[in-house]
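See below for the structure under consideration.
Worth knowing before you read on, the calculation uses all heavy atoms, side chains too, and leaves out hydrogens, waters and symmetry mates. Chain letters run A, B, ... following the sequence lines, proteins first, then strands; residues in each count from 1.
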Protein chains: 2
Amino acid sequence: MATPLEKARKDPESMKARILAVAHRIVGEYGFHGTTTRMIAQEVGIDISTLHYHWGEKKDLYEAVIIDINKDLGQKLIDVEKIIHGLPLAERMVIAIDAMTDYLFDCPEISNIMLFRYIVKTRDNVDLLGPEFTTDIARSMGLTRNSSPSTPPRAMLEVLAVMNAIHNFISGENFFPPMVRLERGEYTKTVKETLRFVLIPAFVKREGEGL
Amino acid sequence: MATPLEKARKDPESMKARILAVAHRIVGEYGFHGTTTRMIAQEVGIDISTLHYHWGEKKDLYEAVIIDINKDLGQKLIDVEKIIHGLPLAERMVIAIDAMTDYLFDCPEISNIMLFRYIVKTRDNVDLLGPEFTTDIARSMGLTRNSSPSTPPRAMLEVLAVMNAIHNFISGENFFPPMVRLERGEYTKTVKETLRFVLIPAFVKREGEGL
DNA sequence: AAATGCTTCCATCAAATAATGGAAAAACAT
DNA sequence: ATGTTTTTCCATTATTTGATGGAAGCATTT
């Protein structure tokens with residue numbers, strides 16, 4: 001039997017799925033407390049009570065958004081991993097950065113919500129530590145020794161540094177371009193250059209030395 | 001004549017300053033919409049009306065917090081720049097990362113609020129683009145050609161990558177340690193190592209090649 | 001001591017918000 | 001067609017939130 005969330009994802013025309021999709025966007029823009037159920041309902045074009053009918057209380061809808069975002073991001077990471085598997089490190093990182101950046105610029109709410117969770121506390125206790133992909137990425141980047149059973153903390157922080165660097169530029173897509181005097185099109189291009197420039201050398205250098 | 005904000009900063013025992021200090025912390029934790037004037041007032045131990053008497057409406061207090069945070073951060077950057085001035089690039093970055101990390105772990109609300117502004121929209125239109133220090137940092141890192149009058153966008157993005165990497169680890173101080181299985185003390189230490197490892201090689205390498 | 005001005009709190013308001021009950025409407029099954 | 005279930009909306013409630021008026025308290029000056 002499918003969970004309600006799975007059912008909603010299956011038929012993207014269903015009211016439940018439409019509400020969830022809009023919730024993604026609005027919550028990604030305004031955060032949990034900045035989002036009202038009215039904003040979401042209005043955007044979908046329905047009454048608030050219809051929203052509550054499908055998703056229960058606000059917290060439940062928010063948790064569904066978190067789970068959904070995590071699922072999307074996790075799937076994308078798996079897809080990218082398949083493409084880069086076996087290639088040399090520098091190439092792997094170029095392709096992964098390129099693919100993830102493109103993907104996230106298309107769904108910026110993913111980056112927004114991920115960062116949001118790291119930074120901000122919620123007055124209601126909506127925590128829900130959900131699945132994290134840091135370990136998988138570390139493995140994909142070759143940061144985990146095959147002998148050791150678990151990923152060392154240092155390697156996980158390195159992965160976080162990489163992922164968050166990307167998320168930050170996506171989430172700053174409204175704030176940064178005027179600040180650095182770039183048009184929107186130029187921004188995405190320059191972000192990719194910058195990410196490659198800043199992130200890759202460290203890992204390539206260590207591989208050259210250590211291994 | 002001193003502005004109200006300056007006056008409040010001058011006497012940290014004044015009610016206005018005490019409110020502002022608490023507002024720093026709470027807004028840093030919960031963001032604009034997640035913070036209520038009641039939360040701040042209760043933490044200070046006063047009535048809400050006293051808060052409104054000193055700071056007017058919520059938006060005004062929030063803007064004061066933003067300005068104050070920016071001032072603190074800007075001053076710290078100036079201090080650090082004085083220390084590292086003239087040293088070779090690699091050393092400059094080691095010292096700057098170390099000093100900024102220590103400082104921001106002491107006042108995490110600065111990192112929180114900086115990132116918050118980049119990511120999240122506010123329902124009320126409280127924008128206020130305040131002074132940015134990206135240009136100064138770019139100059140301090142030697143990313144600006146002396147000949148060119150303004151900082152190139154690419155250099156500004158590089159600075160943002162560096163600053164945001166730091167901010168992210170500070171803001172994640174509650175979320176990341178359990179996730180990467182590190183005690184609090186170990187976390188700060190490993191964060192510094194990771195920041196040095198990820199951020200420095202790229203810039204050092206280019207200096208070695210290009211210059 | 002009286003008067004003045006500044007600060008604080010109590011009581012309260014108006015608006016916004018999350019949430020629900022119940023009637024109408026729509027979809028579906030028989 | 002008729003009955004049943006599901007879905008949607010309208011009206012309403014309780015709570016929270018930002019904000020204010022006015023009285024009481026406190027300090028300072030005269």
Side chain of B/Thr50 (C-beta onward), nearest among C/dA19, D/dT8, C/dC9: C/dC9
Nearest to the side chain of B/Arg123, which nucleotide is it out of C/dA19, C/dT17, D/dT7? C/dT17
How many Å lie between [atom1] on [X] and [atom2] on [N], as a whole number?
X	N	atom1	atom2	result
A/His52	D/dA11	NE2	C1'	15 Å
A/Lys58	C/dT17	NZ	P	9 Å
B/His33	D/dT17	NE2	P	13 Å
B/Met15	C/dC9	CE	C1'	11 Å
A/Trp55	C/dA18	CH2	P	17 Å
B/Leu61	D/dA19	CG	P	10 Å
A/Asp11	D/dT7	CG	P	12 Å
B/Glu57	C/dA15	CD	C1'	14 Å

Listed by chain and number, what are the side chain to side chain donor-acceptor pair (under 3.5 Å) partners of [X], not counting sequence neighbours?
X	result
A/Asn174	none
B/Asp79	B/Gln75
B/Glu183	none
B/Thr151	none

OP1 or OP2 of C/dT7 sitting under 4.0 Å from any side-chain N/O of B/Tyr53? yes
For B/His54 and C/dT8, is the shortest distance between a side-chain N/O and OP1 or OP2 below 4.0 Å? yes
The salt bridge (Lys or Arg N to Asp or Glu O under 4.0 Å) partners of B/Glu193 (sequence neighbours excluded) come to A/Arg154
Non-neighbouring partners of B/Glu29 that pass salt bridge (Lys or Arg N to Asp or Glu O under 4.0 Å), sequence neighbours left out: A/Lys121
Between the protein and nucleotides 22-27 of chain C, list the N/O to N/O atom pairs that are separated by less than 3.5 angstrom.
none

B/His24 vs B/Leu20 side-chain heavy atoms within contact, under 4.5 Å: yes
Should B/Thr190 and B/Phe169 count as side-chain neighbours, where that means a heavy-atom distance under 4.5 Å? no
Near DNA chain D, under 4.0 Å by heavy atom, which residues of residues 36-48 of chain A? A/Ile46, A/Asp47
Once ring pair (Phe, Tyr, Trp, His ring centres under 6.0 Å) is applied, do any residues pair with A/Phe197, and if so which ones, sequence neighbours excluded? B/Phe203
